[in-house]
Protein chains: 2
Amino acid sequence: MKSKKEQIFEVSARLFRKRGYVGTSMRDIAKGVGVEAASLYNHIKSKQEILHELLFDVAGRFTTGMDEISDSSLNPLQKLEKLISLHVRLAVEHTDAVSIIIGEWVHLEEAAKNEYTGLRDTYEEKFKAIIQDCISEGHFKQVNPEIALFSILSTLRWLYSWYSRNREISSVELEKQMIECLLVGLKK
Amino acid sequence: MKSKKEQIFEVSARLFRKRGYVGTSMRDIAKGVGVEAASLYNHIKSKQEILHELLFDVAGRFTTGMDEISDSSLNPLQKLEKLISLHVRLAVEHTDAVSIIIGEWVHLEEAAKNEYTGLRDTYEEKFKAIIQDCISEGHFKQVNPEIALFSILSTLRWLYSWYSRNREISSVELEKQMIECLLVGLKK
DNA sequence: AAACAATGCTAACAATTGTTAGTTTTGTAA
DNA sequence: TTACAAAACTAACAATTGTTAGCATTGTTT
């Protein structure tokens, strides 16, 4: 059974995704939970805390996943496949939270925002390093690694959006197709 | 010389991008323009009108561009290249507005929101048709066209964000690299 | 100079915001 | 049953929101 605090986070994630952080009032959240707005404060400290919790929880899952993959003994191409798998899994399991991490981090208060962008930059750096390894070890052509990173990452970031519109595809199939499109290429 | 109305749209685009539509007040916009909030209403009808104008202006540029390319006599692969070129150009020339089209359309009021999603769906359908032509005419492998569409489009949508962080690259070079990554593929 | 419209200003409005204080209800342990 | 803590409620707060009304200033046309 879910605790009230968890309920609040769940409802908030759904509403933040639909109307944004600023566009969602504490009274909206309260209504979703089935309680008066003031009662929320028996469980949480502030509205900002909700955003912070939602965002850093899923950010942590990404960075943990990245570290495991990055530190593994797989070859760089296999690492990329694992990263795609990570993104697919998190997009499927935490659709709303992933949506928020992408669109609503700007509404974190200054200190938390800096912390978040730091995490994100580190994540992107590690991602890029793996792509560069793919190039130097001869798996990839001599493409601009920045642009390859950007191309892959933006697709992975959008996964949550696409997945919520096309639930019928299995995540295994989705993963396979993503590898084909992103890593192998479309051209015959 | 820019009219006051154009100034308002310009400032609004910048602020909407930074803090979102709901997170930007009319007083914020007024300060950016150098005027009192009430004075804005000599030039515009409402805050919603600003969002509507910004959004549908750039949406129109996308649909016009798509129609020209779609109706042309180019082969489907050339059409895709033209589409990439279109997205690069609009991301460079209208960075803020493109950002808004992606993140803030949810704050359109109901009727306009439906109109917008209609435009977007049509756009995506035409995009997908071109990809399907690429497959059936033998330019592309037998990939899932939905996923190929999604992969390409999400990268193109994220262009504005990447471009604002990496201004030094020329848009010609950017375009070339995008074609390589998105259409040809990374694998050696 | 007189007349005019365009555009600015101040002041105010009703509604909504996040949050707090104080009190009552609920559920559990003694 | 009594006692106590958890969690709900009502009421209210100061601030901010988009917008309007009414008036002053500006610049242009007669």
Side-chain angles (χ1 to χ4, degrees), chain A residues 1-56 96 100 103-113 116, chain B residues 1-56 96 100 103-113 116:
Chain A
M1 192 181 100
K2 269 169 289 191
S3 77
K4 203 116 236 181
K5 195 165 182 175
E6 285 170 326
Q7 272 185 61
I8 293 174
F9 287 139
E10 213 175 288
V11 169
S12 299
R14 181 162 39 83
L15 293 179
F16 287 178
R17 180 181 177 188
K18 193 170 180 192
R19 312 184 219 169
Y21 174 73
V22 190
T24 303
S25 74
M26 293 303 279
R27 286 162 182 84
D28 293 333
I29 297 171
K31 187 173 288 179
V33 177
V35 97
E36 290 298 318
S39 306
L40 297 174
Y41 290 86
N42 287 318
H43 307 278
I44 52 129
K45 213 169 89 276
S46 66
K47 188 187 180 188
Q48 177 73 205
E49 191 203 33
I50 303 178
L51 180 64
H52 190 282
E53 170 76 17
L54 287 174
L55 222 136
F56 279 85
D96 290 333
I100 291 164
E104 303 297 318
W105 62 270
V106 288
H107 298 114
L108 286 172
E109 52 188 25
E110 207 55 20
K113 185 156 66 178
Y116 170 76
Chain B
M1 194 180 99
K2 271 169 287 193
S3 77
K4 204 117 236 179
K5 194 164 183 175
E6 285 170 326
Q7 270 185 64
I8 294 173
F9 287 138
E10 212 174 290
V11 169
S12 299
R14 182 162 38 84
L15 292 178
F16 288 177
R17 180 180 177 188
K18 193 170 181 190
R19 311 183 219 169
Y21 175 72
V22 190
T24 303
S25 74
M26 294 302 279
R27 285 162 182 83
D28 293 333
I29 298 171
K31 189 173 285 179
V33 177
V35 98
E36 289 299 318
S39 306
L40 296 174
Y41 290 85
N42 287 319
H43 306 279
I44 53 129
K45 210 170 91 279
S46 66
K47 189 188 180 188
Q48 179 72 205
E49 190 202 35
I50 302 178
L51 181 63
H52 191 282
E53 169 77 18
L54 287 173
L55 223 136
F56 280 84
D96 290 332
I100 292 165
E104 303 298 318
W105 63 269
V106 288
H107 298 113
L108 286 172
E109 52 188 26
E110 209 55 20
K113 187 156 65 179
Y116 170 77

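Here is how names work: the chains are called A, B, and so on, in the same order as the sequence lines, proteins then strands, and each is numbered from 1.
- In this structure, Q48(A) atom CD and dT19(C) atom P are separated by 9 Å, rounded to whole Å.
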Would you please test M26(B) and I44(B) for side-chain contact (heavy atoms from CB on, under 4.5 Å) and show each step?
CA-CA 11 Å; M26(B) 294 302 279; I44(B) 53 129; 3.7 Å; yes
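- Results of the salt bridge (charged side-chain N to carboxylate O under 4.0 Å, His left out) test with D28(B) over R14(B), K18(B), R19(B) single out R19(B) as the only residue that passes.
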Determine, stepwise, if the pair I50(A) / I29(A) fulfils side-chain contact (heavy atoms from CB on, under 4.5 Å).
CA-CA 11 Å; I50(A) 303 178; I29(A) 297 171; 4.2 Å; yes
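- Base contact: S39(A) has a heavy atom under 4.0 Å from a base atom.
- The distance between atom OH of Y41(A) and atom P of dT17(C), rounded to the nearest whole Å, is 12 Å.
- Summarising the geometry, the separation between CE on M26(B) and C1' on dG8(C) is reported as 15 Å, rounded to the nearest angstrom.
- Note on S25(B): every side-chain N or O is 4.0 Å or more away from OP1 and OP2 of dT16(D).
- Among the nucleotides dT10(D), dG18(C), dC9(C), the one closest to any side-chain atom of A38(A) is dT10(D).
- Summarising the geometry, the separation between CD on E36(B) and C1' on dG8(C) is reported as 9 Å, rounded to the nearest angstrom.
- When atom types are taken as modelled, the side chain of K4(B) and the backbone of V33(B) share no donor-acceptor pair closer than 3.5 angstrom.
- Between F16(B) atom CZ and dG18(D) atom P there is a gap of 9 Å when expressed in whole angstrom units.
- A close approach under 4.0 Å does occur between a side-chain nitrogen or oxygen of K4(B) and OP1 or OP2 of dG8(C).
- Among dA8(D), dC9(C), dT19(C), the nucleotide with an atom closest to any side-chain atom of A37(A) is dT19(C).
- If you measure from atom CZ of R27(A) to atom P of dT10(D), you get 12 Å, rounded to the nearest angstrom.
- The separation between L40(B) atom CG and dG18(D) atom C1' is 11 Å, rounded to whole Å.
- For Q48(A) (side chain) and E109(A) (main-chain N/O), a donor-acceptor pair under 3.5 Å exists by modelled atom type.
- Whole-Å rounding puts the E6(A) CD to dA7(D) P distance at 13 Å.
- For the OP1/OP2 pair of dA8(D) and a distance below 4.0 Å, the side-chain nitrogens and oxygens of H43(A) include at least one atom meeting the criterion.
- Of all nucleotides listed (dT19(C), dA21(D), dA8(D)), dA8(D) comes nearest to the side chain of N42(A).
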